[in-house]
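For ligands, and for the atoms within them, numbers begin at 1 and follow the listed sequence. Everything numeric in this text was worked out from a predicted model, so none of it was measured.
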Amino acid sequence: MLLMIPGPIEVAPTVLEAAAGAPASHVSPAFIEHFGSVLERMRTVWGAGPDAQPMVVAGGGTLAMEIAVTNVTDAGDRVLVVNTGYFGDRIADMFERRGAIVDHVRVEPGKAPTTAQVESALNSRRYKVMAVTHVDTSTGVRTDAEALAKLARAHNVLSIFDGVCATAGERFEMEAWGADVYLTASQKAIGLPPGLALLMMSARAVARRAELTQAPPMTLDLLQWKPIFDAYEQRKGSYFSTPATTLIKALDVGLGEIVNDGMDTVFARHQRVADAMRAAWKSMGLTLLADEGLAANTLSAIRYPEGVGPELTKAIKERGVIVAGGLHPDLKTEYFRVGHMGYSARRPDHLLSTVRAVAEGLVACGHNVDVEAAVKVAAAAL
Ligand SMILES: *Cc1c(COP(=O)(O)O)cnc(C)c1O
């Protein structure tokens, strides 16, 4: 079975091997070296400067979102959510639980707000924080993170980017673009099993945390964790709450492979793979949920063709490939999702097996497609 959903994804054998074996002590020399190396490598993958603060905490992407929200907002703060789907609603809910006042720039599923729409919202009120989903996994839409980060900076608004389905798959240059928080989880394009929340906070975000009147819950608090991360970066053991030693060791291996390839290579690979997959979908007569030019490189959200429904994902699974159903509440049963990020982006065999399974699944559902032609289109573009 091939796991081709938008996370968790297939994991490289090198990473799996690093995650096998007895857990290390959190103060063993080998683990201290792995953790220190992880924090350094994160800066490269995130495009972050030396004054940015990496964070690694056991948990998922949702926890990373909550760490971001609680460390940069106080009750009563005004927040702008650039909402492209399901995860925009989730972070808005978190801000409201924190007592912040949330406005949305909202669009229909499959679209993204224009930079001008966001700019006019930023001009209309004094916002403290703006939150953007880099790739909304519910719609397969990628926002223009560069333009939005620069816009927030120009308005002196702190920006949070949810990169859970993007980091290490879509270009992001935290320092150059002036973004303040970029967060993800281990099980998406980073290519690990689930279990780690990963964030990078700018010096501005760290300063904001220090000024808050309302401290975050203890285990989410950047100031509680910072001395620990500082110690490990200086290759010293330290303790606040036991880190996920096994996963952090595997993360060092996974990030090491990404850093060795180089970020330009990694982003170009995801672009090339996404172009190939989109060419294959097109050859089968399928259309994406995302508008032209907005489709993410890490996954495809694909509309079911006329006369076909969720039974397609079952037919695909019977052919050895697991894809995901819809997630956006407005059109859950109208589309399905295929992940093409991380390790599988380096495996043409995974990608071509997926194209074949989707094409054969469509045939099984009574939709006429040329299976061999679709596989050939993808193979030629990979
Ligand atoms: C998957 C995802 C999340 C949630 O991550 P969990 O690990 O499931 O908590 C948040 N945001 C985006 C954009 C995601 O794709």
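The closest protein non-hydrogen atom to atom 3 (C) of ligand 1 is Phe87 CE2, 3.3 Å. Nearest protein heavy-atom neighbour of atom 9 (O) of ligand 1: Thr62 OG1, 2.6 Å. The protein non-hydrogen atom at the shortest distance from atom 8 (O) of ligand 1 is Gln187 NE2, 4.0 Å.
Side-chain atoms of Gln117 and Thr114 form a donor-acceptor pair, as typed in the model, at a separation below 3.5 Å. No side-chain N or O of Thr133 forms a donor-acceptor pair with one of Asp162 less than 3.5 Å apart.
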Evaluate the criterion side chain to side chain contact (heavy atoms under 4.5 Å, CB included) for residue pair Ile160 and Met65; output intermediate values, then yes/no. CA-CA 9 Å; Ile160 298 175; Met65 292 161 78; over 6 Å; no

Between Ile67 and Val57, does the side chain to side chain contact (heavy atoms under 4.5 Å, CB included) criterion hold? Intermediate values first, please. CA-CA 9 Å; Ile67 289 172; Val57 178; 4.0 Å; yes

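Against a heavy-atom cut-off of under 4.0 Å, Gly60 is close to the following atoms of ligand 1: 7 (O), 9 (O). For ligand 1, the atoms sitting less than 4.0 Å from at least one non-hydrogen atom of Met65 are 10 (C), numbered in the order shown with element in parentheses. Distances below 4.0 Å separate heavy atoms of Val135 from the following atoms of ligand 1: 13 (C).
We find that Lys249 and Asp252 are not joined by a salt bridge, their nearest charged nitrogen and carboxylate oxygen being 4.0 Å or further apart. A salt bridge links Arg171 with Asp264; the closest basic N to acidic carboxylate O contact falls under 4.0 Å.
Aromatic ring centres of His350 and Tyr343: separated by under 6.0 Å.
Residue-ligand proximity: Thr133 is placed with a non-hydrogen atom under 4.0 Å from ligand 1. Under the 4.0 angstrom criterion for non-hydrogen atoms, Leu63 is not in contact with ligand 1.
Counting heavy atoms only, Gly61 comes closest to atom 6 (P) of ligand 1 of the residues Gly163, Gly61, Cys165. Considering each of Thr184, Asp162, Thr137, the one bringing a non-hydrogen atom nearest atom 11 (N) of ligand 1 is Asp162.
Residue Lys188 places at least one N or O, backbone or side chain, under 3.5 Å from an N or O of ligand 1.
Of the listed residues (Glu233, Glu175, Glu173), just one forms a salt bridge (charged side-chain N to carboxylate O under 4.0 Å, His left out) with Arg43, and that residue is Glu233.
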